[in-house]
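Heads up, the thing below is written out as structure tokens.
Here, residue 1 is the first one in the sequence, and each next residue gets the next number. Atoms considered below: every heavy atom in the structure, side chains included; atoms not considered: hydrogens, waters and symmetry mates. Both counts, for ligands and for their atoms, begin at 1 and track the order of listing.
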Amino acid sequence: MVKYIFVTGGVLSSVGKGILTSSIGKMLQVRGLKPTVIKIDPYVNVDAGTMNPYMHGEVYVTDDGGETDLDLGWYERFLDLSLTRENNVTTGLVYKTIIEKERRGDFLGRCVQIVPHVTNEIKHRIRNVAKTSNADVVLTEVGGTVGDIEGLPFLEAIRQMRLEEGFENTLYVHVALVPILDVTNEMKTKPLQHSVNELRRIGIQPDIIVARSPKMIDSETLRKIALFGTIPENAVFCSYNVETVYQVPLILDKQGMGDFICKRFGYNCNVQDFQEWQQFLTALLKPEHEVNIALIGKYAGLTDSYVSMNEALRHSGAACKTRVCITYLEAEKLERNPECIKDLANFDGIFVPYGFGPRGTEGKMAAIKFARENDIPFLGICYGFQLAVIEFARNVCGLKDANSMEINPDSPHPVIALMPEQRDVKDKGATMRLGAHKVILEPGTMAYSLYKCREIYERHRHRYEVNLDYLQILKEKGLCFSGRSADGRRMETLELPKNYFFFASQFHGEFKSRPSKPSPEYYGFVSACLSRKLGKPKPIFD
Ligand code: GLN
């Protein structure tokens with residue numbers, strides 16, 4: 001019988017539900033169980049693809065091309081899973097399905113209602129993931145905060161699931177903020193009590209309460225939470241501030257949460273393997289070196305815009321026992337203050353991430369030029385790759401005003417052009433080139449030595465690509481396209497063989513980076529930053 005765990009949050013958003021859900025999954029996984037995770041997002045967008053990363057954080061991309069909430073990234077990183085678009089359920093998606101059915105006449109004669117039609121569709125989607133994933137435990141994180149209007153149908157659906165799946169197969173976990181008041185240095189449980197009451201009003205009595213607080217709750221606070229939450233004291237846990245989110249599964253497991261859940265589900269299993277996780281953590285928390293990386297971005301004010309990239313850099317850092325310090329620089333500021341470009345020499349590496357639209361692109365290209373000319377390790381991802389091509393076309397090939405058609409559709413040298421299949425696309429949602437595609441790597445190149453194989457699958461999210469009309473001149477002047485699509489017509493990776501480390505990819509390696517298995521391109525970059533800092537010769541990854 002598959003088991004269902006539902007995670008809700010109270011008091012305010014960003015209490016770390018995503019990390020908590022991932023951590024519960026991890027505690028089950030190290031006990032030999034197979035978890036999968038669903039994220040419910042109560043907004044009306046059909047998927048996250050059309051949302052501005054500056055408001056909502058990065059758009060995560062799954063192998064099957066789903067544009068999802070960034071929490072799926074946390075689930076994948078913590079659990080080393082490859083999830084699908086089905087693992088993200090939004091209000092928009094649920095309603096779209098129901099309205100399509102209604103128009104087809106599937107409900108003929110009936111009035112279509114939130115209960116039961118919307119709630120049935122939600123339950124169907126959760127059960128469908130259970131079926132297709134073959135998981136032992138399906139964790140469902142309900143986004144937003146208990147009490148939000150838009151979350152109600154989802155809470156009603158998960159309430160019904162206990163009736164239908166049985167007490168022994170369902171578990172409700174509620175996490176809420178327990179702040180400490182500066183004035184009295186006291187832990188305050190009242191907001192948490194209110195959010196538990198709100199949950200009960202909807203008909204859900206939590207089985208586990210997790211207090212999210214700056215430090216470990218004292219026994220008095222714990223007793224209070226248990227009493228007002230009507231749960232035993234051993235069902236109250238605390239997720240306190242730690243240095244890195246990767247510690248959360250360990251601190252909760254130490255408090256007995258993993259054993260508690262297993263006992264509740266009647267599983268007879270012990271922790272088998274936290275070792276790999278521990279080793280990663282030790283490398284992460286006790287580094288021997290440090291590198292400083294400048295990230296030149298358009299959404300630099302919100303680090304969540306680049307969360308998978310940050311994490312891929314950290315995973316790579318752990319693999320080289322190196323702390324990776326990232327400085328987020330607004331690309332536009334470099335445009336306004338060109339004299340600041342030279343300060344980039346203080347960094348061990350320059351990183352240009354994904355992006356859209358013209359804003360900040362000149363600043364990013366100035367940074368790329370600086371990296372290329374001063375031989376500072378450089379990694380460019382997606383837009384970073386495209387801008388590296390433009391910079392090279394302009395400043396090395398002498399193609400004046402070369403540009404991407406996305407930035408200047410009238411450029412005399414559109415070295416980056418719209419993909420042919422994109423030309424007639426009108427809708428913005430889910431129409432980019434998305435998801436995992438095969439990339440063929442050229443033996444003898446940096447790309448090949450990093451990935452150590454000829455064929456790789458990496459995830460994509462773009463509309464534009466290298467214009468084949470300019471391939472010849474770019475190649476002649478020394479730009480090597482070391483990775484291409486299976487048909488050879490799409491440029492996927494570039495490198496400058498003469499430089500210490502100058503590498504970029506049209507794909508996004510960060511989406512497949514895992515704590516103990518860093519993305520090869522990020523690993524190459526971070527280790528190059530380190531070896532250059534240590535004065536070592538250009539790294540060879542064979
Ligand atoms: N804006 C570029 C494109 O659509 C790059 C996209 C990205 O960086 N993800 O092709």
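- Aromatic rings of His413 and Tyr470 (six-membered ring for Trp) have centroids within the 6.0 Å cut-off, being under it.
- The closest approach between any non-hydrogen atom of Glu465 and ligand 1 is not below 4.0 Å.
- By the 30° and 60° cut-offs, the orientation of the rings of Phe541 relative to Tyr523 is perpendicular.
- Atom 5 (C) of ligand 1 has as its closest protein heavy atom Gly355 O, 3.4 Å.
- Of all protein heavy atoms, the one lying nearest to atom 7 (C) of ligand 1 is Cys382 SG, 2.9 Å.
- Using cut-offs of 30° and 60° for the angle between ring planes, the Tyr306 and Tyr299 rings count as tilted.
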Might you work through the side chain to side chain donor-acceptor pair (under 3.5 Å) test for Lys475 and Gln472, ending with a clear yes or no?
CA-CA 5 Å; Lys475 260 168 44 185; Gln472 189 66 27; 5.1 Å; no
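- Proximity of Met432 to ligand 1, defined as any heavy-atom pair under 4.0 Å, is not found for any part of the residue.
- Annotation: atom 10 (O) of ligand 1 to nearest protein heavy atom, Tyr464 N, 2.9 Å.
- Outside the 6.0 Å centre-distance limit, the rings of His462 and Phe385 are not counted as a close aromatic pair.
- The protein non-hydrogen atom at the shortest distance from atom 9 (N) of ligand 1 is Arg461 O, 2.9 Å.
- Checked by distance only, ligand 1 and Tyr383 come closer than 3.5 Å through their nitrogen or oxygen atoms.
- Counting protein heavy atoms only, atom 2 (C) of ligand 1 is closest to Glu406 OE1, 3.2 Å.
- Distance from atom 4 (O) of ligand 1 to its nearest protein heavy atom, with residue and atom name: Arg463 N, 3.1 Å.
- Considering backbone and side-chain atoms together, Tyr354 places no N or O closer than 3.5 Å to any N or O of ligand 1.
- Using modelled atom types, one finds no donor on one side chain facing an acceptor on the other under 3.5 Å when comparing Asn292 with Asn346.
- Counting only distance, with no hydrogens or angles, the side chain of Trp277 and the backbone of Tyr246 share a donor-acceptor pair below 3.5 Å.
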